[in-house]
Amino acid sequence: TDGNTNITARGLAALANILCNKSSIDSIYVSNHTLQANHFFMARIVLPTDLDSYLQLNKNHNKFETARQKILKYHFCNRDNNIHELLEINLKTMCHVIAWIGRDCTGFPLLYHLVRSMPALFDYDSEAKANGAGEKRKRTTPEARLNYSGCDDG
């Protein structure tokens with residue numbers, strides 16, 4: 001029970017897994033994002049850091065944002081950021097994934113690794129370079145570059 005009233009380490013680990021099952025993105029997404037710390041309950045129990053962190057994230061009333069933060073913080077937190085999972089997404093969906101990741105500073109480290117892993121994704125001329133190897137490319141105006149959008153919803 002290591003200092004916690006009637007809750008074993010195994011019980012705390014099970015509770016942590018319910019709040020944030022880190023085995024996959026889907027598992028995190030369907031984890032519990034509503035359970036919050038009851039002040040009376042918390043006053044008598046010393047929680048492990050990860051469990052306390054999950055309960056803090058669950059205070060957010062926007063449960064989609066809570067799921068997003070848990071996915072970014074706990075699924076993409078290791079050295080290679082599980083970036084390989086993002087590299088297989090089709091380009092049309094990738095635009096939305098990038099927007100989702102970069103919504104706030106929580107996703108900036110992952111966004112940085114994504115840009116470093118897929119530089120061609122951010123070079124709007126890369127398709128032309130691949131298709132016209134050996135051909136001279138046309139010069140484009142800065143305005144044309146600013147108006148280019150690889151993301152089209154229709």
Side-chain angles (χ1 to χ4, degrees), residues 7 9-38 42 47-154:
I7 298 180
R10 185 176 176 189
L12 290 172
L15 181 57
N17 193 53
I18 290 168
L19 294 172
C20 188
N21 179 343
K22 299 184 229 177
S23 62
S24 71
I25 292 173
D26 286 337
S27 296
I28 293 174
Y29 188 77
V30 299
S31 292
N32 182 294
H33 307 303
T34 56
L35 182 65
Q36 295 181 23
N38 177 312
M42 292 296 110
L47 295 175
T49 306
D50 62 339
L51 185 55
D52 185 52
S53 176
Y54 306 150
L55 291 168
Q56 293 299 321
L57 287 170
N58 280 2
K59 287 182 178 180
N60 187 337
H61 294 290
N62 181 340
K63 299 310 170 188
F64 292 110
E65 182 59 24
T66 301
R68 176 186 167 271
Q69 289 178 6
K70 286 180 182 179
I71 290 167
L72 293 174
K73 189 171 183 178
Y74 298 108
H75 187 73
F76 293 105
C77 65
N78 62 8
R79 270 188 115 189
D80 68 354
N81 291 303
N82 291 327
I83 202 81
H84 62 277
E85 294 178 29
L86 298 176
L87 300 178
E88 297 173 11
I89 294 174
N90 70 50
L91 289 179
K92 196 167 193 172
T93 304
M94 182 61 79
C95 296
H96 300 287
V97 169
I98 290 169
W100 185 81
I101 291 170
R103 186 177 300 157
D104 63 19
C105 62
T106 303
F108 289 174
L110 177 59
L111 193 57
Y112 170 78
H113 290 290
L114 179 64
V115 171
R116 300 266 309 171
S117 298
M118 297 183 71
L121 182 63
F122 301 94
D123 179 4
Y124 86 101
D125 251 359
S126 63
E127 186 176 332
K129 289 176 187 173
N131 291 338
E135 294 179 21
K136 283 190 171 184
R137 69 180 176 138
K138 294 179 183 176
R139 291 190 178 258
T140 55
T141 64
E143 293 81 19
R145 284 187 214 123
L146 290 174
N147 291 330
Y148 174 76
S149 172
C151 300
D152 48 333
D153 295 323

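The model shown is predicted, which means the values in this text are computed figures rather than measured ones.
Taking the side chain as every heavy atom from C-beta outward, Thr93 and Leu91 never approach each other to under 4.5 Å. Side-chain contact between Arg103 and Glu65 is present, with at least one heavy-atom pair separated by less than 4.5 Å. The side-chain heavy atoms of Leu72 and Trp100, taken from C-beta on, include a pair separated by under 4.5 Å. You'll find the side chain of Leu86 reaches within 4.5 Å of the side chain of Leu110, heavy atoms only.
Atom OG1 of Thr66 and atom CG of Leu19 lie 11.5 Å apart (nearest 0.5 Å). The CD1 atom of Ile101 sits 11.5 Å away from the NE2 atom of His113 when rounded to the nearest 0.5 Å. Distance check: Leu57 CG to His33 NE2 gives 10.0 Å after rounding to the nearest 0.5 Å. Separating the CZ atom in Arg10 from the CG atom in Leu15 is a distance of 14.0 Å, to the nearest 0.5 Å. For the atom pair CZ (Phe76) and CD (Glu85), the distance works out to 5.5 Å, reported to the nearest 0.5 Å. To the nearest 0.5 angstrom, Ser53 atom OG is 9.5 Å from Gln69 atom CD.
Here the side chain of Ser31 pairs a donor or acceptor atom with the backbone of Asn21 at under 3.5 angstrom.
Between Tyr29 and Ala67, the shortest heavy-atom distance links the atoms CD1-CB, 3.7 Å. The two atoms that bring Pro119 and Ser117 nearest to each other are CD-C, 3.5 Å, heavy atoms only. Pairing each heavy atom of Cys105 with each of Pro109, the nearest pair is O-CD, 3.7 Å. Taking each heavy atom of Met118 and Met94 in turn, the nearest pair found is SD-CE, 3.9 Å.
Residues meeting the side chain to side chain donor-acceptor pair (under 3.5 Å) test with Asn62, sequence neighbours left out: none. In this view, Asp104 and Arg68 satisfy the salt bridge (Lys or Arg N to Asp or Glu O under 4.0 Å) rule, not counting sequence neighbours. Here Thr49 pairs with nothing under the side chain to side chain donor-acceptor pair (under 3.5 Å) rule; sequence neighbours left out.
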| task | Could you go through the side chain to side chain contact (heavy atoms under 4.5 Å, CB included) check for Tyr54 and Leu47 one step at a time? | result | CA-CA 11 Å; Tyr54 306 150; Leu47 295 175; over 6 Å; no
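Donor-acceptor pairing under 3.5 Å is recorded for the side chains of Lys70 and Asn58.
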